[in-house]
Protein chains: 2
Amino acid sequence: MMQENSGHPVNPAQAAACCRPIDRLLCPELFRAIGDPTRASLLACLAKCGRPCTVTEIAACCSVDLSVVSRHLALMERGGLLASSKQGRTVSYAVRYVELAGLLRALADELEQCCERTPGSADCASDGCAPGCA
Amino acid sequence: MMQENSGHPVNPAQAAACCRPIDRLLCPELFRAIGDPTRASLLACLAKCGRPCTVTEIAACCSVDLSVVSRHLALMERGGLLASSKQGRTVSYAVRYVELAGLLRALADELEQCCERTPGSADCASDGCAPGCA
DNA sequence: TGTATACTTGCACAATGATGCAAGAGAACA
DNA sequence: TGTTCTCTTGCATCATTGTGCAAGTATACA
């Protein structure tokens with residue numbers, strides 16, 4: 001109503017009421033799941049391994065207690081970084097490579113669109129989302 | 001020495017000693033800076049605005065105290081998400097669109113490389129980084 | 001059926017973090 | 001020079017989080 005969809009809200013207050021894909025992509029729970037040194041190293045470890053690994057295996061690669069690793073892995077699964085599968089008494093975790101890479105690229109695309117959009121002409125309602133949804 | 005560079009460490013313990021670009025890309029400080037609901041909304045707000053905004057402007061778009069916003073913005077700058085510039089008594093923060101998008105894409109690429117690499121044949125030393133550097 | 005293995009959960013504790021209020025620092029302006 | 005504006009910093013407080021130990025649960029196996 002105020003601006004075109006191709007542009008920007010004129011100020012942050014208007015931007016806050018303006019719902020765009022970036023709001024969904026900037027999911028705090030997901031990024032928080034990476035934002036701890038122990039978890040980041042577990043994730044890197046698991047990614048580099050390239051296959052599902054058991055909790056015991058993963059715990060062998062860092063100095064913290066197995067129970068701590070178990071909790072970190074569960075948290076990363078809740079955050080959407082990992083997928084788990086249980087076979088007998090062993091639980092394996094694997095990186096959700098495809099989903100994660102897709103989300104990161106989508107976020108990168110959105111950021112660049114924000115950057116390139118013409119200033120001062122954003123229609124907050126035309127993204128299929130009512131104002132104030134953020 | 002043990003495997004080819006194109007492959008994977010055979011287990012997480014070996015993977016931990018194996019230094020790859022993903023170790024650098026999974027920077028906990030950066031992701032932690034997004035991993036809080038208030039900060040994520042501030043970042044989205046700033047991104048959607050598409051231009052540098054002052055602390056007062058940004059504070060107007062959320063319900064927390066201005067001092068809290070100031071601290072969150074400083075934290076996000078330290079994490080590499082934002083860049084600040086001071087003009088007179090006003091401080092403006094802007095999203096580091098290019099750097100951020102680049103990092104996210106690089107991480108996405110690395111994740112997919114991890115996923116595609118042939119299992120069981122990773123040379124941990126050939127990435128220009130001594131074992132145990134992780 | 002008992003025992004070993006693999007993992008999760010309860011509990012306690014120390015550390016960190018998010019928040020608001022109030023005061024301080026620095027710059028513009030009358 | 002005093003006042004206003006913009007932002008940062010100190011302090012207190014409450015909540016959350018990361019951690020280890022110990023106990024519990026669930027599965028496999030002898």
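Predicted, not measured: the structure shown is a model, and the values here were computed from it. So you know, we letter chains A, B, ... as the sequences are listed, proteins then strands, and number each from 1.
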Separation of atom CG in A:L73 from atom P in C:dT9, rounded to whole Å: 13 Å
B:Y93 OH - D:dT6 C1' separation (whole Å): 12 Å
Pairing residues for B:S84 by the side-chain hydrogen bond (donor to acceptor under 3.5 Å, both in side chains) criterion, not counting sequence neighbours: B:E77
Salt bridge (charged side-chain N to carboxylate O under 4.0 Å, His left out) partners of residues 29-39 of chain B, not counting sequence neighbours, each pair once: none
Between P of D:dG10 and CG of B:L66, the distance in whole Å: 17 Å
Protein and nucleotides 22-27 of chain D: nitrogen or oxygen contacts under 3.5 angstrom:
from	atom 1	to	atom 2	distance (Å)
D:dT27	O2	A:R89	NH1	3.3

Polar side-chain atom of A:K48 near backbone of B:C18 as donor-acceptor pair, under 3.5 Å: yes
Mind listing the side-chain donor-acceptor pairs of residues 59-70 of chain B below 3.5 Å, one per line with the distance, residues two or more places apart or on another chain?
from	atom 1	to	atom 2	distance (Å)
B:D65	OD2	B:S67	N	3.0
B:D65	OD2	B:S67	OG	2.8

Set of side-chain contact (heavy atoms from CB on, under 4.5 Å) partners for B:Q113, sequence neighbours left out: B:E110, B:R117
For A:E57, all residues meeting side-chain hydrogen bond (donor to acceptor under 3.5 Å, both in side chains), sequence neighbours excluded: A:R51
Pairing residues for B:A33 by the side-chain contact (heavy atoms from CB on, under 4.5 Å) criterion, not counting sequence neighbours: B:L75, B:M76, B:L81
Show me the donor-acceptor pairs within less than 3.5 Å that the side chains of residues 88-102 of chain A make with the rest of the protein, sequence neighbours left out.
from	atom 1	to	atom 2	distance (Å)
A:T90	OG1	A:Q87	O	3.1
A:Y97	OH	A:A47	O	2.9

Review item, nucleotides 15-18 of chain D N/O atoms under 3.5 Å of protein N/O:
from	atom 1	to	atom 2	distance (Å)
D:dG18	OP1	A:R39	NH1	3.1
D:dG18	OP1	A:R39	NH2	2.8
D:dG18	OP2	A:R39	NH1	3.3

